[in-house]
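Some notes on the structure that comes next.
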Amino acid sequence: MSTLSYVKNFISDKYIASITPTSDFGVRKVCSKIDFSRCGLVVEYGPGTGVFTKYLLQKMGPDSLLVMIERNANFAKELRMKFRDPRAVVVNGCASDILDTLAEIGKPAADCVISGIPFSFLTDNQKNRILRNSYAALHRGGKFLAYQTFYQSNNHLKSHLEQIFPFVQVEYEMLNLPPLRIYEARK
Ligand SMILES: C[S@@+](CC[C@H](N)C(=O)[O-])C[C@H]1O[C@@H](n2cnc3c(N)ncnc32)[C@H](O)[C@@H]1O
């Protein structure tokens, strides 16, 4: 699975939103906010070609679980072939369905939700539905991490997060091209 595969899918699906996958700088900066020693269940929204997935599986423990929710059917298929790891579950669906997904796999709550989906393409109602369901899906103390390139967004997500999560912080990774805005929200 390559940048070429990413670009091909980008051309036919506007919800992919970014022309290249996130860089190593971006992946490391976002994931530096995760305490992997306390993460039994991570949910990843919009894994794409799996740049975060690869890093997360390297860092997560042997008894942990990574549930990927990917809207694009081609990416979901490629992810299933690439990550033949008993800790990885790929769901071809929408992030808004996180509560149903957790119920289906028999897990009550997640420790961390990490999201690469383009929130700027969504209506306020769609954004709020995903954020509210993500909040409901987290354990108390659990984290919601979202990354968006500067092209994908102004700082619109912060106010939506602040209506739902008691703690919200925004940081940047300027070495990613284009630079990333990273949101960290805690339940
Ligand atoms: C900007 S790309 C990020 C891909 C990858 N995580 C990365 O960092 O390179 C956005 C991804 O989110 C997926 N996506 C968009 N909307 C989604 C939704 N509502 N639920 C799940 N996945 C979604 C797209 O298909 C795409 O794979």
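Order of listing sets the numbers, starting from 1, for every ligand and every atom in it.
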**Message:** Evaluate Tyr172 against Phe150 for ring-ring contact (aromatic ring centres under 6.0 Å, His included), listing each step before the verdict.
**Reply:** CA-CA 10 Å; Tyr172 301 91; Phe150 280 23; 5.7 Å; yes

**Request:** Give the contacting part of Pro118 toward ligand 1: side chain, backbone, both or neither, where contact means a heavy-atom distance below 4.0 Å.
**Result:**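 Near ligand 1, Pro118 shows its side chain, while the N, CA, C and O stay back.
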
**Request:** Answer with side chain, backbone, both or neither: which part of Thr22 has a heavy atom less than 4.0 angstrom from an atom of ligand 1?
**Result:**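 The answer is both.
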
**Prompt:** Under the salt bridge (charged side-chain N to carboxylate O under 4.0 Å, His left out) criterion, do Lys158 and Glu162 qualify, and how do the steps go?
**Reply:** CA-CA 6 Å; Lys158 187 163 185 270; Glu162 283 171 341; 2.9 Å; yes

**From the candidates Ala76, Ala95, Gly48, the one that places a heavy atom nearest atom 20 (N) of ligand 1** =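 Checking each option, the heavy atom nearest atom 20 (N) of ligand 1 is found in Ala95.
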
**Prompt:** Would you call Tyr45 a ligand 1 contact, heavy-atom distance under 4.0 Å?
**Reply:**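 Under 4.0 Å: no for Tyr45.
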
**Message:** So, 4.0 Å and heavy atoms of Gly93: is ligand 1 close enough to count as a contact?
**Reply:**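 Under 4.0 Å: yes for Gly93.
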
**Prompt:** Under a 4.0 Å N-O cut-off, is there an ion pair linking Glu173 with Arg28?
**Reply:**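 No.
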
**Request:** Look at the aromatic rings of Phe52 and Tyr147 and report parallel, tilted or perpendicular, splitting at 30° and 60°.
**Result:**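 Aromatic pair Phe52/Tyr147 classed parallel.
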
**Of Val90, Ile114, Thr101, the residue whose pairing with Met68 passes side chain to side chain contact (heavy atoms under 4.5 Å, CB included)** =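 Option passing the side chain to side chain contact (heavy atoms under 4.5 Å, CB included) with Met68: Val90.
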
**Any N/O pair Tyr147/ligand 1 closer than 3.5 Å** =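 Such a contact does occur with ligand 1.
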
**Request:** Ignoring angles and geometry beyond distance, decide whether Thr49 reaches within less than 3.5 Å of ligand 1 through its nitrogen or oxygen atoms.
**Result:**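 There is no such contact.
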
